[in-house]
Amino acid sequence: MLIIDKIWPIMESSFPYNERRTFEDQKKIFNRENFFCKTYEQGNDLLGFITYWDFGDFIYVEHLASNKKFRGKGLGGKILDELKAFNKLIVLEVEPPNKHDIFTLKRIGFYERNGFLLNEYHYIQPPLNPHSNETELKIMTYPNLIDNKTMDLVRETLYNNVYIKIWEMEN
């Protein structure tokens, strides 16, 4: 079984359509040399996974998710601790804080409890698939906030490497 086949049910149930690629396009991303996916399993159960990109200057966390029946048991923090051991800037995207959306606030709170800081820069996530639109998000970073120059580097790197229109590329 391919790793994408293992993680897809959790990815599909954990992220809205506009924050993930199609199954076929996600499979293609697995062939990129600086893209990584790590799974966490116990027996026959997939507890969770992380997908991330290592761009040398920083690590970008694209997806981090736990199986619903294993949430709240510390796996997410353990996964983030493993990334922190690389001693690099870690970048991830979250929905902007919304006092009317408890899930958004809980997600941001989880990352803050793990040492991440919410940057106030304007940031738009380009479409990840041919049927979604751009999405306003916020950037969180570890171990510190970033300056304008670093934000420009992060934005440019993500736009040119992560948000490529893979559905337009040849196989």
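Each residue takes its place number in the sequence, starting with 1. In this text, all values refer to a predicted model and were calculated from it rather than measured experimentally.
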A.B. asks: Is there a path from F86 to L80 through hydrophobic residues (I, L, V, M, F, W, Y) whose side chains come within less than 4.5 Å of each other?
C.D. replies: yes
A.B. asks: Which value, rounded to the nearest 0.5 Å, describes the distance between T39 atom OG1 and L47 atom CG?
C.D. replies: 9.0 Å
A.B. asks: Less than 4.5 Å apart, any side-chain heavy atom of Q42 and any of L75?
C.D. replies: no
A.B. asks: Can you measure from CG (N160) to CZ (R155) and round to the nearest 0.5 angstrom?
C.D. replies: 12.0 Å
A.B. asks: With the 4.5 Å side-chain cut-off for hydrophobic clustering, are L137 and L105 part of the same group?
C.D. replies: no
A.B. asks: Going by the angle between their ring planes, with limits at 30° and 60°, are Y111 and F116 parallel, tilted or perpendicular?
C.D. replies: perpendicular
A.B. asks: Does any part of the side chain of C37, heavy atoms only, come nearer than 4.5 Å to the side chain of Q26, both counted from C-beta?
C.D. replies: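 In short, these two side chains do not touch, never coming nearer than 4.5 Å.
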A.B. asks: Looking only at side chains, do N98 and T104 share a donor and an acceptor under 3.5 Å apart?
C.D. replies: no
A.B. asks: Which pair of non-hydrogen atoms, one from T135 and one from N18, has the smallest distance, and what is that distance?
C.D. replies: OG1-ND2, 2.6 Å
A.B. asks: Check step by step if side chain to side chain contact (heavy atoms under 4.5 Å, CB included) holds for Y121 and I139.
C.D. replies: CA-CA 7 Å; Y121 299 106; I139 294 291; 5.9 Å; no
A.B. asks: Under 4.5 Å between any side-chain heavy atoms of E95 and F103, yes or no?
C.D. replies: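 E95 does not reach F103 side chain to side chain.
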A.B. asks: Flag the pair F110 / V94 as yes when at least one side-chain heavy-atom distance between them is below 4.5 Å, and no otherwise.
C.D. replies: no
A.B. asks: Please report the shortest heavy-atom distance between K73 and K69, naming the atom on each side.
C.D. replies: CE-O, 4.2 Å
A.B. asks: With a cut-off of 6.0 Å (strictly less than), are more than 12 heavy atoms of other residues, nucleotides or ligands near CD of E82?
C.D. replies: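 Buried by this count: over 12 neighbours within 6.0 Å.
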A.B. asks: Under the side chain to side chain contact (heavy atoms under 4.5 Å, CB included) rule, what do L128 and D25 come out as? Steps first, then yes or no, please.
C.D. replies: CA-CA 9 Å; L128 269 171; D25 287 347; over 6 Å; no
A.B. asks: Measuring only between side-chain heavy atoms, which start at C-beta, is Y60 closer than 4.5 Å to E93?
C.D. replies: yes
A.B. asks: Identify the two heavy atoms, one from I4 and one from K27, that lie closest to each other, and give their separation to 0.1 Å.
C.D. replies: CG2-CG, 3.4 Å
A.B. asks: Is the side chain of D101 donor-acceptor paired with the backbone N or O of P97 at a distance under 3.5 Å, no angle test?
C.D. replies: no
A.B. asks: Transitively linked via ILVMFWY side-chain contacts under 4.5 Å: I108 with I79?
C.D. replies: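 Yes; tracing contacts between hydrophobic side chains, which count when under 4.5 Å, links both residues.
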A.B. asks: Measure the spacing between CZ of F58 and OG1 of T150 and express it to the nearest 0.5 Å.
C.D. replies: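 It is 9.5 Å, given to the nearest 0.5 Å.
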A.B. asks: Between atom CG of L92 and atom CD1 of I59, what is the distance when rounded to the nearest 0.5 Å?
C.D. replies: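 Atom-to-atom, L92:CG and I59:CD1 are 11.5 Å apart.
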A.B. asks: Return each pair, listed once, that meets salt bridge (Lys or Arg N to Asp or Glu O under 4.0 Å) where at least one residue sits in residues 2-16; pairs must be two or more places apart or across chains.
C.D. replies: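 Only K6-E41 qualify under salt bridge (Lys or Arg N to Asp or Glu O under 4.0 Å).
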A.B. asks: Okay, side chain of N129, backbone of R20: is any donor-acceptor separation there less than 3.5 Å?
C.D. replies: yes
A.B. asks: Is there a path of hydrophobic side-chain contacts, each under 4.5 Å between heavy atoms, that joins I50 and M11?
C.D. replies: no
A.B. asks: Under the rule for salt bridge (charged side-chain N to carboxylate O under 4.0 Å, His left out), what residues qualify as partners of K84, not counting sequence neighbours?
C.D. replies: D81
A.B. asks: Where does the angle between the aromatic ring planes of F15 and H63 fall among parallel (under 30°), tilted (30 to 60°) and perpendicular (over 60°)?
C.D. replies: perpendicular
A.B. asks: Minimum heavy-atom separation for V61 and Y52, please, with both atom names.
C.D. replies: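 Here V61 and Y52 meet closest at CA-CB, 4.1 Å.
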A.B. asks: Nearest 0.5 Å, please: how far is CE in M140 from CD1 in I146?
C.D. replies: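 Answer for the CD1-CE pair, I146 versus M140, is 12.0 Å.
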A.B. asks: Quick one: closest heavy-atom pair of S66 and I10, and the distance?
C.D. replies: O-CG2, 3.9 Å
A.B. asks: Is there a side chain to side chain contact (heavy atoms under 4.5 Å, CB included) between V154 and T141 once you walk through the steps?
C.D. replies: CA-CA 11 Å; V154 165; T141 52; over 6 Å; no
A.B. asks: Do T157 and D57 pass the side chain to side chain contact (heavy atoms under 4.5 Å, CB included) test, and can you show the C-alpha distance, the side-chain angles, and the key distance before you say yes or no?
C.D. replies: CA-CA 10 Å; T157 302; D57 293 331; over 6 Å; no
A.B. asks: Rounded to the nearest 0.5 Å, what's the gap from CD on E33 to CG on D54? Could you check?
C.D. replies: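 Nearest 0.5 Å value for the CD-CG distance: 10.5 Å.
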A.B. asks: Where do F55 and V162 come nearest, in terms of heavy atoms and distance?
C.D. replies: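 Heavy atoms of F55 and V162 come nearest at CZ-CG2, 3.8 Å.
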A.B. asks: Count I, L, V, M, F, W, Y as connected when their side-chain heavy atoms are under 4.5 Å apart, and connections chain through other members. Are Y17 and F23 then in the same cluster?
C.D. replies: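 No, because Y17 and F23 fall into different hydrophobic clusters, even though each may have its own neighbours under 4.5 Å.
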A.B. asks: Which of parallel (below 30°), tilted (30 to 60°) and perpendicular (above 60°) describes Y159 and Y123?
C.D. replies: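 Aromatic pair Y159/Y123 classed tilted.
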